[in-house]
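Encoded as structure tokens, the structure appears first; notes follow it.
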Amino acid sequence: MTLPVDPAENLAALIRCPSVTPAEGGALAVLQTMLVPLGFAVERPVFSEGGTPDIENLYARRSGNGPHLMFAGHTDVVPVGDEAAWAHPPFAAEVAKGEMYGRGAVDMKGGIACFVAAVARHVEKNGALKGSVSLLITGDEEGPAINGTVKLLEWAAGRGETWDAALVGEPTNPDKLGDMIKIGRRGSLSGVVTVNGRQGHAAYPHLADNPVRGLMALVDALLAPAFDEGTRDFQPTNLEVTSVDVGNPATNVIPAKATATFNIRFNDTWTAESLQAEIHNRLDAASRRKTYRKGRKEPVDYDLVWKDGPSHVFLTRDDRLIDALSGSVHAVTGSMPALSTSGGTSDARFIKDYCPVVEFGLVGKTMHMVDERVALADLETLTQIYQRFLEDWFG
Ligand SMILES: [Zn+2]
């Protein structure tokens, strides 16, 4: 039986499955046919929750003696957008000038294709694995992410699975393969401030209370001073006001309410809780200031509502894991990757509760774009990096 040692062949088979979230599209079935000949036991649990589509996921394990490595990723992809704008059809895996085109080529069917090829080469070379390898693959990363990684981790852990380390195959390199490993992520927190005023005539402001003035004072306090200067591993915490809403079409009416929405990306100076307390303190202090509200005695009347659950900040401190991965990247590409905590959140934020986690995959430049594509040379290089990592980490 031929093993799936060619990442380009693996990727082509995956791209040809139109697995736009929440559709499985055949992608997990294709992955299963690659993993079974490699000795993996494969299961495909479906998770449901009211108000969200059912999602099929995959957990595969090949057991050996020694530590247990998890590879995590997703086979679902974002919609193609304007299909006519693609130079090559998004689910055809056509190759032109050394690049394979298709939705998911880099985010992140490509990473999965390379990891499977790396395991196949490792098995072909050594006959076995020195430890255990599992693949934790969700079909719900690009969607609501309710019936995906969180439930799959709980499901596997509930059956007694434990892991010593995890590698997430998301595209982490900004420009070229070998640029960047992610070893943590900033936290994220969003809130809505509503200032309650008193509606009235714009010509008689003393009879009204303009909430826009109060909101300006509060927003000022959110924006300055800086929360911190950044830390050894993280860029400075940053707050962006993402919306300011009054919804008042009349120029001669002082409105009754004004709201502002903000999002904070925060570093390990803070926890979500300590940062929430800081925001409350800033708003309370600002509500008593006279800025924009000269003559007003009463503080600004405001409510603060936190949106969704916060994403917690995390930093992986497993030197053996980080060294094995950056050493493998260096050995294959010749460049030493930056250890970064930049960018948005990923499913690593859920995995970190179970084991140390690092992220390394393809070059992200074309992810989510029309003409998403990957250089065949990059597929080969990433496969070699993953194979080397398997050997070094188990070794
Ligand atoms: Zn992704």
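All values derive from a computational prediction rather than experimental measurement. We count residues from 1, following the sequence as given. Just follow the structure's listing: the first ligand is 1, and inside any ligand the first atom is 1. Reckoned from all heavy atoms, side chains included, excluding hydrogens, waters and symmetry mates.
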Query raised in the report: Of all the N, O or S atoms in Glu170, which one sits nearest to the Zn ion (ligand 1)?
Result: OE1
Query raised in the report: Mind checking whether Asn267 and Phe227 have side chains closer than 4.5 Å, heavy atoms only?
Result: no
Query raised in the report: Can a salt bridge be assigned to the pair Glu380 and Arg121 using a cut-off of 4.0 Å between side-chain N and carboxylate O?
Result: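 Salt bridge flag = yes for Arg121 with Glu380.
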Query raised in the report: Has Glu142 got an N/O/S atom less than 2.8 Å from the Zn ion (ligand 1)?
Result: no
Requested in this report: Kindly confirm whether the Zn ion (ligand 1) is within less than 2.8 Å of some N/O/S atom in Asp107?
Outcome: yes
**Report entry** Sequence-distant partners of Trp270, side-chain hydrogen bond (donor to acceptor under 3.5 Å, both in side chains), two or more places apart
**Finding:** Asp228
Report task. Indicate the ring-plane relationship of Phe262 and Trp306, choosing parallel, tilted or perpendicular according to the 30° and 60° boundaries. Result ->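 Plane angle over 60°, so perpendicular.
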